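One structure is given below, encoded as structure tokens.
In what follows, every chain begins at residue 1, and chains take the letters A, B, ... in the order their sequences are listed. What you see is a predicted model; the values in this text were computed from it and never measured. Excluded from the calculations below are hydrogen atoms, water molecules and symmetry mates; all remaining heavy atoms, backbone and side chain alike, are included.
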Amino acid sequence: MSARGNVLAARGSVWRPVVARISWQRLLLLLFVAAFFAYLFGPLIIMTVTAFNSADYPRVTPWDCFTTQWFGRFGRDSLLLAGLANSFFIGLGVVLLSLPIGLAAAIALSEVGERARSLLYTVFIVPILLPGIVIGIATLLFWGRIAGSFGLGHDTLLYNGIFLTILGQVCFISSYSMLIFLARIQRFDPTQTEAALDLGATPGQAFRKVLLPFLKPAIGSAAVLAFLASVENYNTTVFTIVSESTFTTVLASKVRFGIDPTISAIAVIIITTTLVAAIIQEARQRRLAARRREALAGVAAGAGAAAVMAGPTGRLLSHPASVAVLLLAVVGGLVWAGSRYDSSACQDALLQQKLQRQQELLEQQRQRMQQQAPAQPAPVPSGAAPKPASPFGGVFAPNNLGLSAPGGAVPAPAPPGAAPKPASPFGNAFAPDNLGLSAPGGATAPKIEPGAPAAPADPAPATQ
Amino acid sequence: MSRDVTLEHVTIRFGSHTAVDDAHLTIRSGEFFSFLGPSGCGKTTLLRCVSGFLEPTEGRVLIGGEDMRGVGPNRRPTALIFQNLALFPLMSVAENIAFALEVRGVGRQARRKRAVELLELIALPHVGDKKVYELSGGQRQRVAIARALAAEPQILLLDEPLSALDLKLRQHMRSELRAIQRRVGLTFIYITHDQGEALTMSDRVAVMSEGRIEQVDEPLAVYDHPKTSFVASFVGETNVLPATVTGRDGTDVTLQTDGGLIVQGFAVGRRQYRAGERCQVFVRPEQIKVAPPEPGPNRLAARVLAEEFEGNLRHVSLAVGGSVGGSGGAPAVGALAVGGQPLRMSVVNDGSLPPLQPDAALTVTFDPSVASVLPEGPLARA
Ligand SMILES: Nc1ncnc2c1ncn2[C@@H]1O[C@H](COP(=O)(O)OP(=O)(O)O)[C@@H](O)[C@H]1O
Ligand SMILES: [Mg+2]
């Protein structure tokens with residue numbers, strides 16, 4: 001008894017710290033983190049998966065065939081490609097204009113006095129706070145008015161959608177870049193500029209040789225951010241683009257007519273590009289940090305400490321250039337493999353399967369009709385015509401194709417030889433959206449009929 | 001070429017605040033000149049005015065006899081070593097040093113050569129290709145000097161360049177700086193709040209307080225013959241005795257301290273004191289000695305409060321109660337006659353003074369010629 005108690009006590013003391021370690025707080029935290037990441041990445045993962053499903057609508061289940069056809073379709077979509085090219089040029093123009101404007105604003109803010117600064121800051125930040133639609137319409141009206149007052153025709157620059165879009169986007173994107181520059185400039189030691197001046201540099205030289213190199217990382221981030229903000233912009237662009245089109249406006253008009261997985265394919269391309277760029281950037285950052293650490297270690301402990309760093313192989317592998325080459329090779333290989341992959345065999349097979357199912361169902365129906373026909377006269381001699389029409393006719397009625405016709409359950413005196421619930425299971429199989437479903441009714445053994453191949457001609461329109 | 005700097009009644013104001021108040025002096029060519037004063041007294045402001053980052057509100061700055069008004073920092077023959085050095089972190093050491101040449105359009109080859117020469121001068125021949133952050137504090141210090149020298153200035157301005165270094169390095173860099181100055185023969189204007197730096201390196205020192213220049217003199221004169229209460233109390237350790245004048249004979253002044261002691265001192269600047277005038281007497285701790293048996297002036301009865309031992313020196317805190325032969329007798333412990341402060345005495349640790357027990361009574365004295373009598377004025381904060 002006492003021995004047992006001791007054992008329990010001992011066990012308790014062993015378990016207590018473990019229990020304490022996975023306290024409910026930690027559990028909640030873990031749950032939160034999991035939920036957070038699911039929320040962040042769930043949609044992206046699903047989007048990525050749908051890009052490789054051959055189904056006409058972007059979806060994960062039911063899975064039809066692995067395919068790369070949507071990438072090909074994107075590559076052949078001339079509207080999208082033209083829009084993409086326009087977006088690219090607009091993005092380039094926006095970067096070239098909004099960076100100098102944002103930089104000038106940031107420098108101005110860092111130079112003026114305390115009171116003027118808060119006022120100026122508010123002015124500079126207003127375009128971000130304004131709805132994009134307002135900026136779009138305002139840009140259109142403003143430049144239209146200017147063009148009008150100069151008597152310029154509709155074929156001039158001021159009526160050109162790409163030019164107007166650049167102007168409209170620069171309005172608020174230069175505010176973004178100003179914020180980035182401002183954050184960096186606030187860490188700039190102004191005595192650096194003074195030192196340059198003191199050493200004989202002109203203000204221009206001090207700017208070019210001291211401030212600008214310091215701002216280089218901010219210029220990079222501002223350029224990337226400005227470009228991305230420009231490419232993804234819709235609210236302003238949809239007004240300023242006039243008769244032209246950009247990537248986003250083409251996508252938006254496509255969505256109006258229903259989407260297909262081409263959009264997923266585009267998403268996959270964008271995600272991959274971002275990932276590759278981010279990884280290369282990370283490799284660069286690490287290299288810089290390592291170099292700095294190495295140098296500092298060298299100062300602290302003499303030259304010997306530098307040798308502690310990784311060997312030449314590790315160094316070569318972690319070099320951003322080799323990381324870039326590796327990643328690009330992997331992506332290139334995947335693209336090459338994907339472009340050679342042909343899913344038509346699988347898709348043909350799937351189509352065959354569906355047609356066969358259809359055939360079978362038709363067959364079953366025909367049999368049932370034949371079975372029911374002789375039984376009918378006995379129970380209901382006069383009302384024969386309306387009754388049978390309800391269970392089967394519902395299936396074929398164009399409006400009810402997807403419905404599990406309630407009529408199927410109605411005929412209580414159903415023939416004993418027929419399937420227990422005939423109408424409801426196979427009724428779904430004909431719905432155009434669900435053609436890919438392995439219908440539950442498929443449990444009935446498929447009868448391979450010689451006449452089957454001839455069937456495609458008839459239900460073909462249903463698949464498209 | 002003339003390298004002298006003249007400040008003509010220079011006043012610099014920021015709004016209502018006067019940072020520099022009527023600075024008027026000439027710094028001679030080739031001189032190592034220091035401005036010494038506590039933090040916030042306007043030293044940096046004055047230096048920025050000489051280098052051209054600030055224009056004086058009133059007065060003129062002349063360099064080599066030329067009025068510098070309207071001449072920007074990049075066109076003045078000065079180079080400033082900033083308080084934080086302001087080396088360019090993105091450039092190598094050699095690029096930093098050659099910056100002044102680069103902006104003047106000197107070719108790469110010539111720049112490289114000059115950088116090597118200057119690195120030799122500052123005794124760091126092998127750091128040219130390193131980045132600034134790879135250097136130690138003292139090395140950065142020297143690189144900043146080399147970078148400034150590359151601009152071939154006639155006047156080098158240094159704003160507390162040693163304040164970021166640790167004590168050992170600071171002392172080493174003092175002699176280093178002085179040696180560099182002798183080698184290049186430029187006018188150095190040096191700013192510091194550290195009197196040790198100012199006194200050891202400078203040819204002349206200007207002591208500043210709250211924007212005003214209190215005294216311009218050679219280091220020894222500043223120490224031995226302070227002209228204001230502020231200078232006396234700021235430069236070096238000293239005992240301050242608030243007192244009232246009781247009599248005068250030429251420059252010899254007789255006073256009664258607020259603690260009731262009768263002491264004699266000398267009137268700084270041959271000032272004519274009247275009886276009853278308030279003043280302050282300053283005596284350095286090392287000028288206070290254990291009195292010999294024979295009679296003389298300024299014999300004070302004292303009691304030992306505490307003793308601090310500092311290797312070569314012994315610092316003794318004393319309570320003084322009366323002039324021996326005057327009210328007489330050793331003072332009670334705690335009777336502090338010296339402006340509420342104990343009298344401090346520093347003795348060289350050469351074995352001449354036996355160990356002192358707390359509470360021991362002894363008689364101390366100081367020569368009237370080392371007791372500076374100055375009109376009552378603001379003191380430097382401890
Ligand atoms: N740009 C400025 N605007 C307003 N006040 C200033 C400015 N620069 C310095 N001051 C003021 O002038 C005084 C002297 O400053 P400074 O010359 O930096 O002192 P020091 O270098 O002797 O420590 C300080 O009280 C400081 O607050
Ligand atoms: Mg200062």
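- Aromatic rings of B/F35 and B/Y190 (six-membered ring for Trp) have centroids beyond the 6.0 Å cut-off, not under it.
- Annotation: cation-pi pair A/R184/A/F214 present, NZ/CZ under 6.0 Å from the ring centroid and within 45° of its normal.
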side-chain contact (heavy atoms from CB on, under 4.5 Å) evaluation trace for B/F33 with B/T187: CA-CA 8 Å; B/F33 191 95; B/T187 308; 5.9 Å; no
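- Neither the backbone nor the side chain of B/R76 comes within contact range of chain A, judged by heavy atoms closer than 4.5 Å.
- With chain B as partner, the option from A/T193, A/L199, A/T191 having the largest number of non-hydrogen pairs under 4.5 angstrom is A/L199.
- Proximity to chain B (any heavy atom under 4.5 Å) is shown, for A/K209, by both the backbone and the side chain.
- The choice from B/P153, B/P89, B/G72 that makes the most heavy-atom pairs within less than 4.5 Å of chain A is B/P89.
- The parts of B/F88 that come within reach of chain A are both its backbone and its side chain, each placing non-hydrogen atoms under 4.5 angstrom from that chain.
- Checked against B/D159 for a side chain to side chain contact (heavy atoms under 4.5 Å, CB included), the options B/I81, B/L47, B/N84 give a single hit: B/L47.
- The ring of A/F247 has its center no closer than 6.0 angstrom to the ring center of A/F88.
- Of the two parts of A/E194, the backbone and the side chain both hold a non-hydrogen atom closer than 4.5 Å to a non-hydrogen atom of chain B.
- Contacts of A/A206 with chain B are absent, with no heavy-atom separation under 4.5 Å from either backbone or side chain.
- A donor-acceptor pair under 3.5 Å links the side-chain atoms of B/E31 to the main chain of B/R28, judged by distance alone.
- Both the backbone and the side chain of A/D198 come within contact range of chain B, judged by heavy atoms closer than 4.5 Å.
- If you measure heavy-atom distances from B/A151 to chain A, the contacts under 4.5 Å come from the side chain alone.
- The main-chain N or O of A/T202 is found under 3.5 Å from a side-chain atom of A/Q205 such that the two form a donor-acceptor pair.
- Looking at B/L90, only its side chain comes within 4.5 Å of chain A, counting heavy atoms on both sides.
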